[in-house]
Amino acid sequence: MTPSSSTPASNFWQLHPQVQQWIWAQQWPALREIQELAIPPILAGDRDVIVTAATAQGKTEAAFLPICSRLVDQPHTGANTGVQVIGIGPLKALINDQNRRLSALGDSLGITVCPWHGDIDSGRKKRFLQQPSGVLLITPESLEALFVLRGSQLPQLFASLAYIVIDEMHSFIGLERGRQLQSLMHRVDGLVERRIPRIGLSATLGDMSLAADFLRPGAGEAVQLVQSFAKGDPLKLQLRGYRQAAEDSDSIDQEAGPGPEAIAIADHLFAQLRGDKNLVFINSRQQVEQYADILRQLATDHGVPNEFLPHHGSLSKGLRAEAETALKGDAPITVICTMTLEMGIDVGAVQSIAQIGSPSSVASTRQRLGRSGRRPGEPAVLRVYVTVPAMTPFTSPVDALYPDLVQGMAILNLLLEGWYEPPIVGQLHLSTLIHQLLSQIAQQGGMRAEQSWRHFCEQGPFAEVDQTLFAKLLRCLGDRDLIQQSQDGLLLLGLTGERLVNHYSFYTAFSTTEEYRLTTAGQSLGTLPTTMPILPEMGLIFAGRRWLVESVDSDQQVIEVSPAQMDGQAPSFGGSSAFVHDRIRQTMLAIYRGTDIPAYLEAKAQQLLQEARTHFADCGLDQGYLVPEEEQVLLFPWRGSLVMNTLLVLLLDNGLKASLEGVALKVKGVSPEELQAALQALLPLGPANPLRLAGTVRNKRSEKYDWVLSEELLCHNYAARFFDAQATWQTLLELLGKDPRI
DNA sequence: GACCTGCTGCGGCGTG
């Protein structure tokens, strides 16, 4: 908002004169709508606020212009006032980026901005603690470390705290890390004995009331919502279809290598993206490596410099920095990545986004698209490349429906509608409660059982845990020697608990697997999970290059490689699939039933959609939900991961040989009539008892401290996370209300 | 067939 274009009514004039001057100096044509709207509620400094607007609308500034206005007005701003704002970010790279942007503003106002995470050197941290003031930009893990290691200093450090800002809030909601963050904010409020206003920032919140409940558990209705409906950049979408080549019976050995369709996709990328800046998102690290390898090979074949670099979570910091720096430079570059470049990291102006394989959520697709279209007047460009199985023979009717193609379409359709997945709520997060209990005991030196239940459950974010469940949890902690009780009833850390808390791996709420470090000539390339068999003399594709494995040191967990032009495979990094929401599957069903041909489908994809619709009708799925095969029946409920998982366990519990087959459930050894009768028999029982159902599942451990839980508590935790008995019963009612098949 | 995130203190060594 420059003086010439600001109206007398503009909120711009409420900002501190020094902040106004800084804005003029930036020569912005005007404040964005979201920046105008956010000024009054944040300046008030007495309430929680959610700021939501499309990507690249300047949400960070929307929060910090009024925040800094208020800080400048405070009489004691300057050295030694203590931290006035805690800014929490999900990624180190994001914190570095925010630090760069906010330091410029802070410098002109005399407000210190300090980034704090694992890569910041300890000298800088020490200096900050000697003269704390201004804005502290920090990860949840580093804040956790402050609680454990400097618990006694914190009341003073945070005495002048005025705001907590959460950047990319959607990336926390519903996860262990999100519950940890809620707990940490609650513990900050407890330290200073005040309610510190919380400011949440995000572009992709699917459900505002759930987001508000996340920001202030139990009091979400009082959170003020600041929302801009200003359109982001115009969109240009294309979905391209590719068919896998028919399996050549002589080439079974080559199954791990890229097929001709991957080569065709790479050819298209090579032709379209070279000479400009782009991001290519792929759903697995293994495929990132495969495509980086093919594209490097193409550059060699054409005798041109390679413009394609890989970027994923298992690459070393140095190699990732190389790709990020290249993106910020002037030369053309395309980075092939997983979700590592999905969020706010400023990668400069990117011409287009490519996505290989259907994405699994609308929200992450929106985030990825937000990386593009930052050049004035240019649209955001997204090309989605989907592969369908070879026509003859289909190994399963599920394949013939081309579910990847139709899921990709469903996600694009929902994206165009402006819908995003709401967070999954109602989880117990017992693993994270254990984590926070240990941390709080370490911070205070000891704690009473009654007091800790009140703090974490009655008044804090673990509201789903009642006193009975909490008492059982404490007993599990005692049994494993994580805690012990002193004679006067104080909870103290046990020997095992001490050992856990005193190791640096304690600060994360999520679990990680052990990994080998991959090095060449003393330089780190990245990491591989220890589950992957690696032998000397093997060829390996990593960091988009080809290597020969020289040695494997299983004590030090180091693999030494040397450059070599030889055949090799991109490694498998493991991992589990993402949750798919009900609405995506329901939209897929509508697409199969419809006749509409969206404009974003390229010619080949249009033809494949017609085939998918024909196969859909040929199976009888336009009328029913069961497809009989030899010796087995496929069940298509068209629901998301939670219902599919519940239904699967429910069928298994009823003695049926069920398994998950992509978007369907496969049941062996029954006729359609028998399966329908079995489903019919479930109806009078009402929604299944999730606790009892969880008892039939064997591998229930998935979170960091699940190993501490008794079978009973593990069932509680699993049922809350992986089952939706109510929605599953609803699904059965709807399915059985109609003809199962022709 | 399958995502990602994050982490302290201190000893040892080399350099200015």
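Throughout, a chain's letter reflects where its sequence line sits, starting with A, and its residues are numbered from 1.
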*Under 4.0 Å between a side-chain N/O of A:T340 and OP1 or OP2 of B:dC4, yes or no?*
no
Practice item. Assign A:E176 to base, sugar-phosphate, or nothing according to its heavy-atom contacts below 4.0 angstrom with the strands shown. Key: nothing
The side-chain contact (heavy atoms from CB on, under 4.5 Å) partner of A:L184 among A:L143, A:L146, A:I88, A:I164 is A:L143
Aromatic rings A:F506 and A:H435: how do their planes relate, parallel, tilted or perpendicular, breaks at 30° and 60°?
-> tilted
note: A:F506, atom CZ; B:dT8, atom P; distance rounded to Å ~ 13 Å
Side-chain contact check for A:T512: nearest option of B:dC7, B:dG6, B:dC4 is B:dG6
Side-chain atoms of A:S284 come closest, of B:dG6, B:dA2, B:dT8, to B:dA2
Taken to the nearest whole Å, NE2/A:H503 to P/B:dC10 is 15 Å
Between A:K125 and A:Q287, the residue closer to the 5' end of DNA chain B by nearest nucleotide is A:Q287
In whole angstroms, the gap separating C1' of B:dC10 from CG of A:L149 amounts to 13 Å
Checklist entry - Got a sec: does the CZ of A:R517 have more than 12 other heavy atoms crowding it under 6.0 Å? => result no
Close N or O pairs between protein and nucleotides 11-16 of chain B (under 3.5 Å):
none

Looking only at heavy atoms, the pair that brings A:F723 and A:L642 closest together is N-CD2, 4.0 Å
Taken to the nearest whole Å, CG/A:D121 to C1'/B:dG9 is 14 Å
- When we call it a touch if two heavy atoms are under 4.0 Å apart, what does A:R368 touch: a base, just sugar-phosphate, or nothing? nothing
Here the distance between atom P of B:dG6 and atom CG of A:D167, to the nearest Å, is 13 Å
Checking B:dC4, B:dT5, B:dA2 against the side chain of A:Q286 (C-beta onward), the nearest is B:dA2
Here the distance between atom P of B:dT5 and atom CD of A:E342, to the nearest Å, is 11 Å
Closest to the side chain of A:R177, out of B:dC4, B:dT5, B:dT8, is B:dT5
Whole-Å distance, A:R179 CZ to B:dG6 C1', equals 20 Å
Would A:R366 pass as a cation-pi partner of A:Y420, given that its NZ or CZ must be under 6.0 Å from the six-membered ring centre and within 45 degrees of the axis? no
Note to self: Looking at A:E421 and A:R583, is any side-chain nitrogen of the basic one under 4.0 Å from a carboxylate oxygen of the acidic one?
What the structure shows: no
Review point. Is there a stack between A:Y507 and B:dT8, judged by ring centres under 5.5 Å and planes under 30°?
Key: no
N or O in side chain of A:T338 less than 4.0 angstrom from B:dC4 OP1/OP2
yes
The side-chain contact (heavy atoms from CB on, under 4.5 Å) partner of A:Y705 among A:L433, A:L430, A:I434, A:T432 is A:I434
- Query: With respect to the phosphate group of B:dT8, does any side-chain polar atom (N or O) of A:R150 fall under 4.0 Å of OP1 or OP2?
  - Reply: no
Look at the side-chain N and O atoms of A:S505 and state whether any lies under 4.0 Å from the OP1 or OP2 oxygen of B:dT8. no
Taken to the nearest whole Å, CG/A:N502 to P/B:dG9 is 12 Å
Report task. May I ask you to say whether A:R100 pairs ionically with A:D97, meaning some side-chain N is under 4.0 Å from a carboxylate O? Result -> yes
